[in-house]
Q: 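Structure below; questions to follow.
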Amino acid sequence: MLTRGAVLRQSPGEYEVVELEVDDPRPGEIRVKMVASGLCHSDDHFATGDQQPGILPIAGGHEGSGIVEAVGPGTAGFAEGDHVVFSFLPVCGRCRWCATGHQNLCDLGRFLATGARFDDPTSFRFTLDGTPVGQLAGLGTFCEYVTVSTASAIKIDPSIPLELACLTGCGVGTGWGAAVNSAQVRPGQVVVVMGTGGIGINAVQGAAHAGAGAVIAVDPVEFKRESALKLGATHAVAGIEEATEVARSMTNGQGADAAIVTVGVTTGRHIGEALGAIRKAGTCVAVGLGDTHVRDGDINLHELVLYQKRLQGSLFGASSPTADIPAQLEMYKRGQLRLDELVTTRYTLDDINVGFDDMKAGRNLRGVVVFGS
């Protein structure tokens with residue numbers, strides 16, 4: 001069948017809406033009619049060339065939700081009409097990492113940038129004028145219809161609005177888990193969140209939910225600072241220097257217990273500043289991505305070693321998507337997790353580049369593409 005979708009023909013480049021041919025699902029696959037897709041900075045990293053896809057053209061998008069429209073032969077566990085959220089990290093359920101409760105590190109993740117099927121680097125489900133088209137993260141959620149592996153799909157309660165549920169496929173879990181799982185925030189602690197866009201705002205929510213005594217949001221954009229204060233931050237400042245001073249004023253000069261770096265384009269300077277903001281034996285969690293070609297760093301090794309500080313990477317908030325996505329949506333239903341407030345602007349597919357411009361200008365917490373009926 002034919003579907004419209006936003007693809008990159010080159011990187012650096014700009015998303016272009018084209019008509020694609022999408023294959024029927026094979027065993028272990030489903031075809032999904034998309035309802036919504038979040039606009040994440042990771043998608044823009046491929047457009048700017050900070051990260052390079054394994055194939056071009058490639059259909060962008062990895063944070064999405066929709067309704068199952070067709071199920072591949074012999075594919076168990078899914079039926080037409082099921083509501084699903086995509087985990088941008090697939091889960092095989094069998095590898096060492098899945099078996100030990102680290103689904104975010106599943107071995108299938110090594111194929112995400114190839115755009116191909118996880119079990120066959122030469123197999124694709126989209127074509128454009130006869131040319132294979134990749135699917136970012138095996139998904140390509142910037143398309144009206146997608147054929148995906150069931151390893152990437154999680155059934156959810158159909159009563160939850162899909163325009164909101166899509167956010168749990170990346171941004172919510174990445175930020176929330178960075179605080180709760182990676183930083184291991186404890187009641188009464190002082191936490192700095194550096195960058196409060198679509199990821200950082202959920203780190204703010206996660207730190208507050210974990211009982212942090214103070215959550216200091218850092219962002220140069222006033223709108224984002226104001227939003228952070230509404231979603232759990234106790235303080236909001238424009239720069240990390242001021243945040244560091246606020247944290248020290250609360251801790252007898254020692255610094256924050258944890259600093260979480262969720263800057264859209266993260267550099268070594270950001271990591272060094274965050275490390276400088278934490279106390280002895282404190283934790284700095286690196287979440288944001290930057291230019292993969294740059295190997296910069298600005299870390300004070302004296303402090304890192306002699307103050308026994310911990311620098312912790314965090315992929316999808318160190319979460320297990322098959323358990324955590326449904327759990328987060330249950331928290332939303334109970335009023336413990338805010339999702340409605342995260343969606344600043346809704347866009348049509350044709351306005352996708354406007355959405356990315358708004359993201360980079362700091363006008364959104366999260367922009368969401370909503371597909372027509």
Side-chain angles (χ1 to χ4, degrees), residues 41 174-175 178-179 182-186 188-208 210 212-291 294-314 359-365:
H41 218 123
T174 299
S182 301
Q184 298 178 348
V185 174
R186 296 291 182 264
Q189 289 190 331
V190 176
V191 180
V192 171
V193 178
M194 192 175 177
T196 56
I199 304 297
I201 198 66
N202 291 297
V204 168
Q205 289 205 79
V215 180
I216 306 167
V218 185
D219 204 292
V221 179
E222 183 178 2
F223 157 68
K224 293 183 179 180
R225 296 197 299 272
E226 293 173 350
S227 298
L229 289 170
K230 295 175 182 176
L231 290 169
T234 57
H235 302 72
V237 299
I240 186 63
E241 298 84 1
E242 186 177 355
T244 302
E245 290 306 312
V246 172
R248 288 175 177 166
S249 73
M250 300 175 176
T251 57
N252 195 30
Q254 295 184 43
D257 297 283
I260 303 169
V261 184
T262 51
V263 177
V265 182
T266 300
T267 67
R269 177 178 61 82
H270 294 125
I271 302 300
E273 290 172 339
L275 273 169
I278 60 177
R279 59 163 169 78
K280 294 178 181 179
T283 300
C284 172
V285 179
V287 182
L289 296 171
D291 188 339
V294 175
R295 299 291 186 269
D296 65 342
D298 188 16
I299 296 173
N300 187 323
L301 288 178
H302 177 90
E303 287 190 11
L304 180 67
V305 175
L306 300 185
Y307 289 4
Q308 200 172 303
K309 297 184 178 183
R310 182 165 68 107
L311 177 56
Q312 174 70 56
S314 183
M359 179 195 72
K360 289 182 279 192
R363 289 187 280 266
N364 287 343
L365 294 179

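Values reported hereafter were calculated over all heavy atoms of this structure, with side chains retained and with hydrogens, waters and symmetry mates removed. Quick caveat, the model's predicted, so the values are computed rather than measured.
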Q: Run H270 and V265 through side-chain contact (heavy atoms from CB on, under 4.5 Å) and show every step you take.
A: CA-CA 9 Å; H270 294 125; V265 182; over 6 Å; no
Q: Evaluate the side-chain proximity of T244 to E241: yes if any heavy-atom separation is below 4.5 Å, no if none is.
A: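 A side-chain contact under 4.5 Å is absent here.
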Q: Determine, step by step, whether R225 and T196 satisfy the side-chain contact (heavy atoms from CB on, under 4.5 Å) criterion, reporting the C-alpha distance in whole Å, the side-chain angles of both residues, the deciding distance to 0.1 Å, and the verdict.
A: CA-CA 7 Å; R225 296 197 299 272; T196 56; 5.6 Å; no
Q: Looking only at heavy atoms, what is the nearest atom pair of A236 and L229, with distance?
A: CB-CG, 3.8 Å
Q: Starting at CG of N300, measure out to CG of L275 and round the result to the nearest 0.5 Å.
A: 8.5 Å
Q: Is K230 salt-bridged to E226, cutoff N-O under 4.0 Å?
A: no
Q: Nearest 0.5 angstrom please: N364 CG to M359 CE, how far?
A: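 Between N364 CG and M359 CE, I get 9.0 Å after rounding to 0.5 Å.
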Q: Where is the tightest heavy-atom contact between I271 and A286, given as atom of each residue plus distance?
A: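 Scanning both residues completely, I find the closest heavy atoms to be CD1-CB, 3.7 Å.
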Q: Ignoring hydrogens and angles, tell me if any N or O in the side chain of R186 forms a donor-acceptor pair with the backbone of G188 under 3.5 Å.
A: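 Between the backbone of G188 and the side chain of R186 there is no qualifying donor-acceptor contact (under 3.5 Å).
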Q: Could you tell me which non-hydrogen atom of A207 sits nearest to which non-hydrogen atom of V185, and how far apart they are?
A: O-CG1, 4.0 Å
Q: What's the spacing between I299 CD1 and K309 NZ if we round to 0.5 Å?
A: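 Spacing of CD1 (I299) from NZ (K309) equals 11.0 Å.
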Q: Determine the minimum heavy-atom distance between A183 and T283, stating which atoms define it.
A: CA-CG2, 4.3 Å
Q: Taking D257 for its side chain and V190 for its backbone only, find out whether a donor-acceptor pair lies under 3.5 Å.
A: yes
Q: If I take atom CD from residue Q184 and atom CD from residue Q312, how far apart are they, to the nearest 0.5 angstrom?
A: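 Output value for this atom pair is 8.0 Å.
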Q: Rounded at 0.5 Å granularity, tell me how far CD in E273 sits from SG in C284.
A: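 Atom-to-atom, E273:CD and C284:SG are 10.5 Å apart.
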Q: For residues K224 and D219, report the shortest heavy-atom separation together with the two atoms involved.
A: CD-OD2, 3.4 Å
Q: Heavy atoms only: give me the nearest A228-I201 pair and the separation to one decimal.
A: CA-CD1, 3.6 Å
Q: Does any N or O in the side chain of T262 come within less than 3.5 Å of the main-chain N or O of M194, such that one atom is a donor and the other an acceptor?
A: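 Checked: pair present.
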Q: Rounded to the nearest 0.5 Å, what separation is found between the CD atom of Q189 and the CZ atom of R279?
A: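 Separation between the atoms: 6.0 Å.
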Q: Does E242 reach the main-chain N or O of G239 with its side chain, forming a donor-acceptor pair under 3.5 Å?
A: no
Q: Before you tell me yes or no, could you show the steps for V192 and I240 under side-chain contact (heavy atoms from CB on, under 4.5 Å), namely the whole-Å CA-CA distance, both residues' side-chain angles and the distance that decides it to 0.1 Å?
A: CA-CA 9 Å; V192 171; I240 186 63; 3.9 Å; yes
